[in-house]
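None of these values were measured; they are calculated from a predicted model. All ligand and atom numbering here is 1-based and tracks the order in the structure. Quick note: numbers below take in every heavy atom, side chains included, and nothing from hydrogens, waters or symmetry partners.
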Amino acid sequence: IARRLRASGRSDGGGRVLPPSPRGLPIIGNIHQLGRGHHHRKLQALARQHGDTLLLRLGGVPAVVVSSASMAEEVLKNQDHVFCGRPQQRTARGVLYDCRDVGFSPYGERWRQLRRIAAVHLLSVKRVDSLRALRDEEVASLVRRIRRAAGNRQPVNVSELIVSLTYAVVSRSAFGNKLGGMDPRDFRAMMKEVTDLLETIAVSDMFPRLRWVDWATGLDARIERTARKFDDVLERTLQEHERSDEGEACGLLDDLLSVIKEEGGQGFQLDRVDVKGLIFDLFVGGIDTISKAIEWAMALLIKNPREMARVQQEVRRVAGAQQGVVQEEQLGKMSRLQAALKEAMRLHPPVPLLIPRETIQDTKLHGYDIAAGTRVIINAWAIGRDGRSWDNAEEFLPERFLHDAAVDYSGKDFRFIPFSAGRRGCPGIAFATPLAELALASLVYHFDWELPEGQDVESFEVVESSGLSPALKSPLILVAKPLEASTLQVP
Ligand code: HEM
């Protein structure tokens, strides 16, 4: 084994065996091999050349890239206790209160307590169930908006409507209807600014000694501006909720405010900054991810009319014509719909490289030495398309999840990890999946869908935008043909 490792990997001169690396350039290392976007594709190509565990040098920072289900299992399960740190990236520190939220917090007792509070007060099944009426209302409003636009057979921007839906559900879940006096459109624009910023890799993340470059390029000023704006709004909203009577409590924020009062005796005092960080995670974690999952699923169904017909038939049969709406408790009987959503997330995980981790101590991975403080990138996108795990891996075949219904979102099967796994795996699954399934089911229940005039299925391209978490390259513009519930053909 040692001979094989020495042949494939490299020694660092100190007797340690390092994973194979593509040849880098002086100073910048492998940065130029990643380019500006589609890192998941470029890392997949590098893994095919150099192996499922490879070492990159991003400026002065070592990064291990993992690209197979078995290596993901090693990192996210067998050695989860070692691979559970988060790199403290410049933009996250700047806008997320020095990483005092759950998602970007370093591993440790504070993170554990915050995560417990998020699990109990924000994201538990009981909590998510209590938001059911809100989801129903917002999905009904989506359907009404499409009906209105479709009245004169005008194309509708489905992508835009889906983002509006997830935004409305997340913000009403968090704040009820009290948003610090801010116009919801301005709030959404501000959130977009924040998420764009979080996708920006600062020069100092790769060259820690070059902090001044972030200042010189204006990044520091941009971070400060955005952080101040966001904090002003959250602070105003917080004060508005604090002034409300208890009887008026109506959102997750009110729940967290009551935790501030209650938890003091249990050794962890939640404060205002923690509450803002938790609310922040709900917005950053919830809006873009759920929207992308619905949008990709819808686009892939349009591209595959036979699959669309099967899903539509199932949804219309299960929901029936009587109620005229899809009900959440019927989703469990819509296995084709659920399979289509999973298949969309296999091909297009909303966070293709998950959120970077960092090793908190020295370890060995597949026989290679990995030092503490190494950044860890898990290519969930490449793992979901790995021909060693999936037949016809590049094709949209929801049926595969019907045959293998045990493969779910929980991260037990490492071939399919859109929500990641392990102690830092996504705690928002129970929040995300009922909304994504209900929205998709309602879109295909109430409407037949066509491409706008001049486009056909062959020329319709399901292509990724650039960026670290790509959406569809062009928004999904479709013509909706409303079906009245009374005329639904229920076979
Ligand atoms: C389709 C929807 C979603 C997808 C695909 C998704 C995916 C992910 C992924 C890949 C991670 C990184 C996990 C890791 O490092 O191992 C993550 C973390 C996280 N997600 Fe989600 N997520 C979704 C929805 C949500 C929602 C709705 C929320 C909150 C309401 C949320 C809150 C979080 C938080 C707080 C973390 C950080 C966990 C930690 O570091 O302990 N996510 N998510």
Side-chain angles (χ1 to χ4, degrees), residues 40 66 72-73 75-77 79-80 83-88 92 96 99-108 110-119 121-125 127-128 131 135 162 166-167 169-174 195 198 251-253 256 274 277-297 341-342 344-358 375-381 383-384 409-411 414 416-437 439-440 468-469 471:
H40 49 290
V66 165
E73 180 165 7
V75 166
L76 297 173
K77 183 178 166 195
Q79 296 202 50
D80 188 31
F83 288 86
C84 55
R86 286 266 192 246
Q88 300 294 286
L96 284 168
C99 294
R100 282 183 63 185
D101 66 322
V102 181
F104 293 88
S105 163
Y107 183 68
R110 263 200 83 262
W111 165 80
R112 213 186 317 277
Q113 296 288 358
L114 284 176
R115 180 143 175 148
R116 178 183 62 79
I117 289 171
H121 296 275
L122 302 185
L123 300 168
S124 65
V125 173
R127 197 35 154 149
V128 172
L131 299 169
R135 283 190 293 276
I162 291 172
T166 53
Y167 169 77
V169 171
V170 169
S171 72
R172 283 186 62 199
S173 303
T195 37
L198 286 175
L252 304 177
L253 179 59
L256 289 177
D274 298 324
L278 284 165
I279 291 293
F280 201 109
D281 277 357
L282 198 66
F283 278 90
V284 173
I287 297 176
D288 270 9
T289 48
I290 304 178
S291 307
K292 280 178 189 156
I294 306 170
E295 189 191 33
W296 280 113
L341 194 64
K342 282 184 194 166
M345 282 208 244
R346 179 185 71 82
L347 287 168
H348 299 281
V351 196
L353 298 176
L354 310 183
I355 305 178
R357 305 262 188 118
E358 194 174 85
R375 198 157 298 179
V376 183
I377 300 169
I378 299 163
N379 195 343
W381 181 87
I383 293 171
Y409 296 118
S410 65
F414 290 86
F416 180 62
I417 46 170
F419 291 92
S420 189
R423 68 193 69 196
R424 291 214 80 148
C426 180
I429 300 176
F431 189 102
T433 47
L435 176 58
E437 289 177 0
L440 188 62
L468 292 187
S469 303

Open item on the list: Is it the case that the side chain of Arg135 and the backbone of Val128 share a donor-acceptor pair, with hydrogens and angles ignored and the cut-off at 3.5 Å?
Closed with: yes
TODO: For ligand 1, list the protein residues that place a heavy atom within a distance below 4.0 Å of one of its atoms, sorted by chain and number.
DONE: Arg86, Val102, Gly103, Trp111, Arg115, Leu123, Asp281, Leu282, Gly285, Gly286, Thr289, Ile290, Pro350, Val351, Leu354, Ile355, Arg357, Pro418, Phe419, Ser420, Arg424, Gly425, Cys426, Pro427, Gly428, Phe431, Ala432
TODO: Kindly write out the residues that satisfy side chain to side chain donor-acceptor pair (under 3.5 Å) with Asp281, not counting sequence neighbours, or none if the list is empty.
DONE: none
- [ ] Verify the distance criterion only: is there a donor paired with an acceptor across the side chains of Arg110 and Gln113 at less than 3.5 Å?
- [x] no
Open item on the list: Using 30° and 60° as the class boundaries, would you call the ring planes of Trp296 and His348 parallel, tilted or perpendicular?
Closed with: parallel
TODO: Look only at the side chain of Arg357 and the backbone of Asp80, and say whether a donor-acceptor pair between them is shorter than 3.5 Å.
DONE: no
- [ ] Evaluate the ring planes of His40 and Trp381, with Trp represented by its six-membered ring, and classify them as parallel (under 30°), tilted (30 to 60°) or perpendicular (over 60°).
- [x] perpendicular
